[in-house]
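A quick write-up on the structure given underneath.
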There are 2 protein chains.
Amino acid sequence: MSSDNLETRSRILNATWKLLEVDQGHGVRMSDIAKQAGISRQAVYLHFPTRSELLIATTRYLDDIKGIDERLALSRETAGGVDRLDAFIDAWGNYIPEIYGIARALLAMKDTDQAADLAWNDRMQAVRHGCVAAINAANNDGSLARDLPVKQATDILWTLLSVRNWEQLTQECGQSQAQYIETIKRTAHRTLLDDRARPAS
Amino acid sequence: MSSDNLETRSRILNATWKLLEVDQGHGVRMSDIAKQAGISRQAVYLHFPTRSELLIATTRYLDDIKGIDERLALSRETAGGVDRLDAFIDAWGNYIPEIYGIARALLAMKDTDQAADLAWNDRMQAVRHGCVAAINAANNDGSLARDLPVKQATDILWTLLSVRNWEQLTQECGQSQAQYIETIKRTAHRTLLDDRARPAS
DNA sequence: CTTTCACTTGACACCGTGTCAATTGACATG
DNA sequence: CATGTCAATTGACACGGTGTCAAGTGAAAG
């Protein structure tokens with residue numbers, strides 16, 4: 001029956017999610033996932049052709065459950081270039097920890113797996129589009145730094161908001177999530193915004 | 001004879017270096033390295049116990065040949081907080097492309113290999129020390145932004161200068177090396193320096 | 001002439017992914 | 001009740017890459 005089918009599928013996705021969350025994307029094997037889902041290793045392959053497809057599906061599954069598209073879309077509705085930039089940083093920057101485990105697993109596969117590479121790049125291009133929109137909004141109301149080309153501003157914002165930077169600031173530097181957001185906002189404000197548009201910080 | 005011994009050892013290191021440089025740290029196997037060095041795969045293990053030890057040794061070897069310690073030390077001698085910050089960004093930022101291949105290979109092993117993880121972290125702590133010194137210098141001559149704690153300034157500079165950020169800006173964003181340096185300097189200046197100390201940009 | 005030592009050859013164990021074939025057991029339909 | 005379908009199981013196996021082991025080669029040094 002297809003509802004059984006669906007149920008097993010989401011049991012697998014949930015198992016993957018949970019395991020990746022627990023050990024932050026470290027060495028989760030197909031057999032671990034199967035065990036966690038309470039099925040045989042081979043059964044996993046009945047639903048997902050390869051490990052990388054499973055990880056990709058888990059990413060989409062999480063995006064869906066967490067409603068990241070809506071959250072990002074919402075941030076776009078904020079009026080005023082500066083506030084909108086902040087809203088975007090909040091939306092994406094606070095999403096990262098929620099998907100860090102799966103992101104790490106996918107990042108690790110990028111090197112060797114074609115499909116994982118494409119899926120991750122896709123994901124990141126979506127974030128970049130958000131950056132473009134935020135930078136354009138700032139540019140339109142004159143709050144973007146005068147001498148800064150839009151392309152370069154986008155590059156900077158996009159790079160600031162990378163998962164790797166979140167990882168470094170929180171895991172290596174020991175910053176709390178709130179401090180991380182603070183750090184990114186400060187850097188974005190001072191680097192990207194015109195002095196007159198910049199809130200004190 | 002021990003000079004043969006040494007010669008073979010450096011043939012291996014050179015082979016590793018060359019291969020990692022060519023394919024930017026992608027899937028270089030022990031057998032590839034052996035072939036490139038003109039010896040058998042097993043002979044490599046006579047000189048290096050594991051793949052990760054070989055990569056680590058290659059890193060040190062490169063650091064040595066390229067004289068990165070001297071380059072970083074030299075940047076410390078630049079007088080004036082702002083110029084010194086720039087000198088440090090030049091020194092490290094221009095070194096990254098020279099070691100990108102090996103860095104990538106090591107980064108990929110970090111996830112699964114204890115020794116690689118330690119070696120890489122060590123390396124990055126050395127860079128962090130350079131960041132601390134640069135930030136302190138700026139702080140001492142009053143060019144550091146007034147409201148910015150030294151620790152946070154260090155976190156930001158260190159994160160800006162990560163290999164991952166170089167990778168993203170040059171490989172993903174398509175910036176040239178010169179543009180990359182420009183981007184990092186701009187971001188560092190505007191984020192870390194006091195408005196009055198900041199050169200126009 | 002013999003010892004030593006770097007290196008070679010070839011076999012093998014281990015791990016994790018992915019494949020295949022035969023089997024089981026539940027449920028649906030004639 | 002008999003039959004077919006379908007998800008899932010079990011167990012075996014191939015592959016690729018790392019690392020190990022044992023026996024053998026060949027050249028230089030005493």
Side-chain angles (χ1 to χ4, degrees), chain A residues 1-16 19-20 23 25-58 101-102 104-117 119, chain B residues 1-16 19-20 23 25-58 101-102 104-117 119:
Chain A
M1 196 182 267
S2 74
S3 86
D4 278 359
N5 201 321
L6 269 183
E7 200 193 294
T8 301
R9 192 187 146 90
S10 34
R11 276 234 305 285
I12 296 172
L13 290 169
N14 277 316
T16 308
L19 287 178
L20 288 172
D23 59 16
H26 270 291
V28 172
R29 288 158 302 188
M30 293 300 266
S31 52
D32 298 327
I33 292 167
K35 189 184 294 178
Q36 174 74 23
I39 59 176
S40 68
R41 185 174 73 92
Q42 283 65 13
V44 178
Y45 287 101
L46 294 177
H47 295 268
F48 304 93
T50 63
R51 185 177 128 93
S52 87
E53 290 299 330
L54 170 55
L55 293 182
I56 292 166
T58 305
I102 178 74
R104 240 190 109 130
L106 221 40
L107 278 165
M109 291 211 77
K110 242 175 89 79
D111 280 350
T112 51
D113 188 281
Q114 165 82 341
D117 187 48
Chain B
M1 194 181 267
S2 75
S3 87
D4 278 1
N5 200 321
L6 268 182
E7 200 193 294
T8 302
R9 192 188 146 91
S10 35
R11 278 235 305 286
I12 296 172
L13 291 169
N14 276 317
T16 309
L19 288 178
L20 287 173
D23 59 17
H26 269 292
V28 172
R29 288 158 301 187
M30 294 301 266
S31 52
D32 298 328
I33 292 167
K35 188 184 294 176
Q36 174 74 23
I39 59 177
S40 69
R41 185 174 73 90
Q42 283 64 13
V44 178
Y45 286 102
L46 294 178
H47 295 267
F48 304 93
T50 63
R51 186 178 128 93
S52 86
E53 291 298 331
L54 170 54
L55 293 182
I56 292 165
T58 305
I102 178 74
R104 238 188 111 131
L106 221 41
L107 276 166
M109 291 211 78
K110 243 173 88 78
D111 280 350
T112 50
D113 188 282
Q114 165 83 339
D117 187 48

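Residue numbers start from 1 in every chain, and the chains themselves are labelled A, B, ... in the order their sequence lines are given, proteins ahead of strands.
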Inset, instruction - Could you work out which one of C:dT9, C:dG18, C:dA6 sits closest to the side chain of B:S40? - result: C:dT9
Inset, instruction - Starting at atom CG of B:D111, determine the distance to atom C1' of C:dG16, rounded to an integer number of angstrom. - result: 16 Å
Inset, instruction - Figure out the CD/P separation between A:E53 and C:dT17, and round it to whole Å. - result: 15 Å
Inset, instruction - Indicate, with a heavy-atom threshold strictly under 4.0 Å, whether A:L46 touches base, sugar-phosphate, or nothing. - result: base
Inset, instruction - Give a yes or no answer on whether the side chain of B:D117 reaches the backbone of B:D113 with a donor-acceptor pair at less than 3.5 Å. - result: no
Legend entry - Interatomic distance where CZ belongs to B:F48 and C1' belongs to D:dG19 [whole Å]: 16 Å
Inset, instruction - First locate atom CG of B:D32, then atom CG of B:L20, and finally report the distance between them rounded to the nearest 0.5 Å. - result: 10.0 Å
Legend entry - Integer-rounded Å distance: C:dC15 C1' and A:M30 CE: 15 Å
Inset, instruction - Return the value, rounded to whole Å, for the distance between atom CD1 of A:I33 and atom P of C:dG18. - result: 11 Å
Inset, instruction - Take atom CZ of A:R29 and atom P of C:dC14, then tell me their distance rounded to the nearest Å. - result: 16 Å
Inset, instruction - Please name the pair of heavy atoms, one in A:A115 and one in A:E53, separated by the smallest distance, quoted to 0.1 Å. - result: CB-OE2, 3.8 Å
Inset, instruction - Measure from NZ on B:K35 to P on C:dT8 and round the result to the nearest Å. - result: 14 Å
Legend entry - Atom pair CD/OG of B:Q36 and B:S31 - distance to nearest 0.5 Å: 12.0 Å
Legend entry - Protein-nucleotide distance (A:M109, atom CE; C:dG16, atom C1'), rounded to Å: 11 Å
Inset, instruction - Would you please name every residue forming a side-chain contact (heavy atoms from CB on, under 4.5 Å) with B:R11, sequence neighbours left out? - result: B:E7, B:I39
Legend entry - Rounded distance [0.5 Å steps], OG1 in A:T16 versus CE in A:M30: 8.0 Å
Look for any protein N or O under 3.5 Å of an N or O in nucleotides 19-26 of chain C and output each such pair with its distance, or none.
residue	atom	partner	partner atom	Å
C:dT19	O4	A:Q42	NE2	3.4

Legend entry - Gap between atom CG of B:L13 and atom CZ of B:R9 - 0.5 Å precision: 5.5 Å
Inset, instruction - Look at the side-chain N and O atoms of B:H47 and state whether any lies under 4.0 Å from the OP1 or OP2 oxygen of C:dA6. - result: no
